[in-house]
Amino acid sequence: MDNTTSTHFVRKIIDDDIRQGRCPDGIHTRFPPEPNGFLHIGHAKAICLNFGMAAEYRGKCNLRFDDTNPEKEDMKYVEAIQDDVRWLGFDWEDRLFFASDYFARLFEFAIELIEQGKAYVDGMSAEEIRESRGTLTEPGTDSPWRDRPVAESLDLFHRMKAGEFADGKLVLRAKINMRAANLNLRDPVIYRIRRTSHYRTGDNWCIYPMYDFTQCLSDALEHVTHSLCSLEFEDHRPLYDWFIDNLDTPSRPRQYEFARLNLEYTVLSKRKLIELVEDGHVSGWDDPRMPTLSGLRRRGFTPKSIREFCERIGLTKNDTWIDAGVLEHVIRDELGADAPRRMAVLRPLKVVIDNYPDDKEELLDAANHPQDPSMGTRKVPFSKVLYIEQDDFMEDAPKKFFRLTPGREVRLRYAYFITCNEVVRDDRTGEVVELRCSYDPATRGGNAPDGRKVKGTIHWVSAQHARPAQVRLYDRLFSDANPDRGEQDWKTCINPDSLETLDGCLIESDLAQAESEQRFQFERLGYFCADREDWQRESPVFNRIVTLRDTWAKISKERS
RNA sequence: UGGGGCGUAGCCAAGUGGUAAGGCACAGGGUUUUGAUCCCUGCAUUCCCAGGUUCGAAUCCUGGCGCCCCAGCCA
């Protein structure tokens, strides 16, 4: 295990700030989601960073909903987001905030700006504003309203608030510099009229502040010391600082930017995730194939594994694409150590042990975790008719196949050595429907007293004791590592085989007693989780979280 | 042709003038009643390129090149 916690650049900044005595009251961060969608693994990176730094430096981290756009936001998202942050393992204590709670303060700040002659009410249309903004290479031009008297702007702004103007008729703009090389400084709009009911403030307001104005001032009001955001806001930092420098704020926060996460074989843009949900490509925000936290949770990922993932991917300003294998690795690593082992047969093939008494049954000892005796053992019932995995039998087996094949002996895990003597086929289809085998009573438990070895060990269940279950096999949602690459529409590379539902699975009987969200290793297959939504004792449903590493699959794939 | 960032292995990532950490992936070997786990071993003569400074450069200087972001009354 990797024990080198990196001193990434944010830690260095904080260390330096502390050393220089810039944070006398400790460090204070915040996670500021907009409640317009569900949180995904990319947000987890930000959450772990913000709450993580606060915890590490014994500071505080607020949860603040950045809800300044009533057209997109909704209460159902604020609830889902809180659930997800809590599930991830973080606690904002009594510091649950909403930017919308600051609307009155923000309005006052705007007045303060106008009074200083640093903001003005503009009467140009959205199109006119866009045209006068200039381009990347050409400067913008001043609005004819730019030098409107302070008193007039003040009056107009109050009347905007009072609802005297139609949507889009007027805006409040910061008076900075229309010729600035940084477009964000070309007199940005800071308030717009939007006669839309807000999910929290209702119809109290018909003017709403913009992000740039809201974010920095909210940070200042909350005494945030380190405002961590993603790289696309780097260009906004001068604006962030401009508001703070020009207003009488209770504190002086600083913004720092890091690169957002890109993960192979998925998409992490809110717009695209919404589209996947709304167009029915997935069953919902919590579909186990989704990179959302609720999706990962339903799939069976643990909060700890997500946190570990966020630790491993590092924190820099580089554009990064994280290998899908990293996520698989962290969950295998955790569950490999923690998950109790059970046997389950996903695609059953009937096996009859001819020389085993018809009505006999016995209970065999099986370890719940071979590497961790403290997890104990259990009794597994054995009888004449069993089921094994179809993949564990091959009629014309290549040399390297060391599972069951006619005439060869294998071990049934924790049970007996068996030999396949006869293959029974369906008369019409020719399909193998049953294997007739014999067992060696001396090999009870899986060891031969004469010391003979078998190369293969396979899992099994007893026909009369096993319970039926549905198992859902998940694969990556996209067939291309980067669905946005090239000209193609990202939706053309949605993997049509990302979900396979298996209905005739047979599981050890005690698995049917599991609680929803309980995780197990199905030996030789992978890690599985009792579905959070659909699990029922009468009809168990398991989701495959991830397979075990499978060298054989690799070998057999190379052969074909 | 503007501004802001970023370039160290297939993917992440340390390193800040003293001779390229670590993880993932991959390959080989050992242990094994899970083809799993675990354990070894290998995996950048070179840090985007080219010059320069220096006894010594991924680190400093100069000049190139490449990639990402910005022209919402979104965040």
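Sequence lines set the chain letters: A, B, ... in the order given, protein chains first and strands last, and positions in each chain run from 1.
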- Message: On the nucleotide B:C69, are OP1 or OP2 found under 4.0 Å from the side-chain N or O atoms that A:Arg260 carries?
- Response: no
- A:Arg192 side chain N/O closer than 4.0 Å to the phosphate oxygens (OP1, OP2) of B:A75? yes
- Only residue of A:Tyr211, A:Phe258, A:Tyr256 satisfying ring pair (Phe, Tyr, Trp, His ring centres under 6.0 Å) with A:Phe233 is A:Tyr211
- Which is true for A:Val326 with a 4.0 Å heavy-atom rule: it touches a base, it touches only sugar-phosphate, or it touches nothing? sugar-phosphate
- Please name the residue in the list A:Leu113, A:Leu239, A:Leu172, A:Thr68 that meets the side-chain contact (heavy atoms from CB on, under 4.5 Å) test with A:Phe213. A:Leu113
- Message: Between A:Lys161 (side chain only) and A:Cys206 (backbone N and O only), is there a donor and an acceptor less than 3.5 Å apart?
- Response: no
- Please confirm whether any donor atom in the side chain of A:Arg194 sits under 3.5 Å from an acceptor in the base of B:C73, or the reverse. yes
- Write down the distance separating the P atoms in B:C74 and B:C67, rounded off to the nearest Å. 32 Å
- Query: To the nearest Å, how far apart are A:Leu548 CG and B:A36 P?
  - Reply: 8 Å
- Query: A:Pro370 near the nucleic acid: base, sugar-phosphate alone, or nothing, with a heavy-atom cut-off under 4.0 Å?
  - Reply: base
- C1'-based separation of B:U53 from B:A13 [nearest Å]: 29 Å
- Salt-bridged, A:Arg64 to A:Glu222, with N to O below 4.0 Å? yes
- Task: Examine B:U34: is either OP1 or OP2 under 4.0 Å from a nitrogen or oxygen in the side chain of A:Arg411? Give yes or no.
- Result: no
- Task: Report yes if a side-chain nitrogen or oxygen of A:Lys317 is closer than 4.0 Å to either non-bridging phosphate oxygen (OP1 or OP2) of B:G7; otherwise report no.
- Result: no
- Message: Measure CD/A:Glu234 against P/B:C67 and give the value in whole Å, please.
- Response: 19 Å
- pair_partner(B:C24), Watson-Crick or wobble, both distances < 3.5 Å, evaluates to B:G10
- OP1 or OP2 of B:A36 under 4.0 Å from side-chain N/O of A:Thr551: yes
- Is a donor-acceptor pair below 3.5 Å formed from side chain A:Arg403 to base B:G35, judging by atom type as modelled? yes
- P spacing across the pair B:C68 / B:C43, given as an integer number of angstrom: 34 Å
- Message: Rounding to an integer number of angstrom, what distance separates B:A75 and B:C47 when you compare their C1' atoms?
- Response: 37 Å
- Message: Just the rounded figure in Å: distance from P of B:G4 to CG of A:Asp241.
- Response: 15 Å
- Query: Expressed as a whole number of Å, how far does the P atom of B:A27 sit from that of B:G18?
  - Reply: 37 Å
- Task: Can you tell me, in whole Å, how much space there is between the C1' of B:A25 and that of B:C12?
- Result: 11 Å
- Item | Ring geometry between A:Tyr439 and A:Phe382 (parallel below 30°, tilted from 30 to 60°, perpendicular above 60°) | tilted
- Message: Between the base of B:G35 and the ring of A:Trp552 - centre-to-centre under 5.5 Å, planes within under 30° - is that a stack?
- Response: yes
- Item | NZ/NE/NH1/NH2 to OD/OE distance under 4.0 Å, A:Glu389 and A:Arg524 | no
- Using a cut-off of strictly less than 4.0 Å, decide whether A:Thr316 has a side-chain nitrogen or oxygen near OP1 or OP2 of B:A14. no
- Message: Can you see whether A:Phe98 has A:Arg200 sitting over its ring - NZ or CZ less than 6.0 Å from the centre and within 45° of the normal?
- Response: yes
- Item | Selection from B:C73, B:A75, B:C68 that lies nearest to any side-chain heavy atom of A:Asp319 | B:C68
- Message: Measure CZ/A:Phe213 against P/B:C74 and give the value in whole Å, please.
- Response: 16 Å
- Message: I'd like the P distance from B:A50 over to B:U1, given in whole Å.
- Response: 24 Å
- Message: Students often get this wrong, so: under 4.0 angstrom with heavy atoms, is A:Gly168 touching a base, only sugar-phosphate, or nothing?
- Response: base
- In the strands shown, is B:C60 matched to any nucleotide by a Watson-Crick or G-U wobble pair with both distances under 3.5 Å, and which? B:G52
- Contact class for A:Arg341 (heavy atom, under 4.0 Å): base, sugar-phosphate, or nothing? base
- Return the value, rounded to whole Å, for the distance between atom CZ of A:Arg271 and atom C1' of B:G72. 15 Å
- Note on the structure: Regarding the side chain of A:Lys12, the nearest nucleotide among B:U16, B:C26, B:G10 is B:U16
- Query: Does a salt bridge link A:Arg378 with A:Glu508, judged by any charged N lying under 4.0 Å from a carboxylate O?
  - Reply: yes
- Taken to the nearest whole Å, NE2/A:His459 to P/B:A36 is 15 Å
- Taking only the side-chain nitrogens and oxygens of A:Thr68, find out if one of them lies under 4.0 Å from OP1 or OP2 of B:A75. yes
- Has the side chain of A:Arg192 got a donor or acceptor atom that lies under 3.5 Å from a matching backbone atom of A:Pro209? yes
- Ignoring backbone atoms, test whether A:Asn318 places a side-chain nitrogen or oxygen under 4.0 Å from the OP1 or OP2 oxygen of B:C12. no
- Task: Using a heavy-atom cut-off of under 4.0 Å over every strand shown, decide if A:Glu34 touches base, sugar-phosphate, or nothing.
- Result: sugar-phosphate
- Message: In whole Å, measure the gap between the C1' atoms of B:C73 and B:G2 for me.
- Response: 24 Å
- Under 4.0 angstrom, heavy atoms only, what part of the nucleic acid is A:Met124 near: base, sugar-phosphate, or nothing? base
- Tell me which of A:Trp321 and A:Gly325 sits closer to the 5' end of RNA chain B, going by the nucleotide each one is nearest to. A:Trp321
- Task: Establish whether the base of B:A75 is bridged to the side chain of A:Glu73 by a donor-acceptor pair shorter than 3.5 Å.
- Result: no
- Message: If you only use heavy atoms from C-beta on, which nucleotide in B:A71, B:U34, B:A13 is closest to the side chain of A:Arg413?
- Response: B:U34
- Query: Could A:Arg476 and A:Tyr265 be counted as a cation-pi pair, given that NZ or CZ must be under 6.0 Å from the ring centre and within 45° of the axis?
  - Reply: yes
- Message: At 4.0 Å (heavy atoms only), tell me whether A:Tyr191 reaches a base, stays on the sugar-phosphate, or touches nothing.
- Response: nothing
- Query: Ignoring hydrogens and angles, does a donor from either the side chain of A:Gln521 or the base of B:U34 sit under 3.5 Å from an acceptor on the other?
  - Reply: yes
- Query: Does a distance-only test, which skips hydrogens and angles, find a donor-acceptor pair under 3.5 Å between the side chain of A:Arg549 and the base of B:U37?
  - Reply: no
- Tell me what A:Asn447 touches on the nucleic acid: a base, only sugar-phosphate, or nothing, going by heavy atoms under 4.0 Å. base
- Item | Sugar-phosphate only, base, or nothing, as touched by A:Ile129 at under 4.0 Å among non-hydrogen atoms | base
- Query: Reckon A:Ile313 touches a base, only the sugar-phosphate, or nothing at all at heavy-atom distances under 4.0 Å?
  - Reply: sugar-phosphate
- Message: From C-beta outward on A:Asp333, which listed nucleotide comes closest to its side chain: B:C38, B:U34, B:C74?
- Response: B:C38
- Message: Any N or O donor-acceptor pair under 3.5 Å from the base of B:G3 to the side chain of A:Asp235?
- Response: yes
- Examine B:U37: is either OP1 or OP2 under 4.0 Å from a nitrogen or oxygen in the side chain of A:Arg332? Give yes or no. no
- What integer distance in Å separates A:His8:NE2 from B:C6:C1'? 18 Å
- To the nearest angstrom, how far is A:Glu334 atom CD from B:A36 atom P? 21 Å
- Any idea which of B:G15, B:C74, B:C24 is nearest the A:Arg312 side chain? B:C24
- Message: Of the listed nucleotides (B:G35, B:C26, B:C12), which one gets closest to any side-chain atom of A:Phe401?
- Response: B:G35
- Heavy atoms under 4.0 Å, any strand shown: does A:Lys455 hit a base, just sugar-phosphate, or nothing? nothing
